[in-house]
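Below: one structure, written as structure tokens.
In this text, all values refer to a predicted model and were calculated from it rather than measured experimentally.
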Amino acid sequence: GVDGLDAIRAVLDGAPRRLAPRGLLLVEHGFDQRGAVRELAAAHGFAEAAAREDLAGRPRLVVLSAPAP
């Protein structure tokens, strides 16, 4: 898509049906997409458990906790 987040949207749409309650989902994203991924995740009921940078120190991964049932 235009913003490069269509694949992440699809994962977030389907993940709650596949994860155990409060299971973890790791989402790798573009270096400039962390804010948008956080917003999408929150809109899908996920809570952020952690965020990590790549070896160059750029934002690259968020760890999300699945919504409770």
Side-chain angles (χ1 to χ4, degrees):
V2 175
D3 62 2
L5 295 169
D6 285 354
I8 292 173
R9 282 186 189 91
V11 169
L12 292 172
D13 285 341
R17 294 187 303 276
R18 292 173 174 82
L19 290 172
R22 298 185 184 92
L24 296 178
L25 175 66
L26 282 68
V27 178
E28 184 178 10
H29 54 75
F31 75 94
D32 59 347
Q33 295 176 324
R34 182 171 284 167
V37 171
R38 284 175 165 159
E39 289 177 18
L40 287 170
H44 283 82
F46 286 88
E48 186 174 329
R52 299 287 185 260
E53 287 69 39
D54 63 17
L55 294 176
R58 293 183 204 106
R60 190 62 67 182
L61 177 84
V62 291
V63 181
L64 303 171
S65 179

Using modelled atom types only, decide if a donor and an acceptor are shared between the side chain of [X] and the backbone of [Y] within a distance under 3.5 Å.
{"X": "D6", "Y": "G1", "value": "yes"}
{"X": "E39", "Y": "A36", "value": "no"}
{"X": "R60", "Y": "A56", "value": "no"}

So [Y] and [X], do their side chains get closer than 4.5 Å, heavy atoms only?
{"X": "R9", "Y": "D3", "result": "yes"}
{"X": "H29", "Y": "P59", "result": "yes"}
{"X": "E48", "Y": "V63", "result": "no"}

Residue pair [X] / [Y]: nearest heavy atoms and the distance that separates them:
{"X": "G45", "Y": "P67", "value": "O-CG, 3.4 Å"}
{"X": "A50", "Y": "R52", "value": "CB-NH1, 3.6 Å"}
{"X": "A66", "Y": "A20", "value": "CB-O, 3.9 Å"}
{"X": "L24", "Y": "S65", "value": "CD2-CA, 4.0 Å"}

Original post:
Got a second to check how far L40's CG is from Q33's CD, nearest 0.5 Å?
Top reply: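 Answer for the CG-CD pair, L40 versus Q33, is 9.5 Å.
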Co-membership, hydrophobic cluster, residues [X] and [Y], 4.5 Å side-chain:
{"X": "L61", "Y": "L12", "value": "no"}
{"X": "L64", "Y": "V11", "value": "yes"}
{"X": "I8", "Y": "L19", "value": "yes"}

Original post:
If you link I, L, V, M, F, W and Y whenever their side-chain heavy atoms are under 4.5 Å apart, who else ends up in the same group as F31?
Top reply: none
**OP:** Would you mind checking if E53 and R34 are paired as a salt bridge, meaning a charged N to carboxylate O distance below 4.0 Å?
**Re:** yes
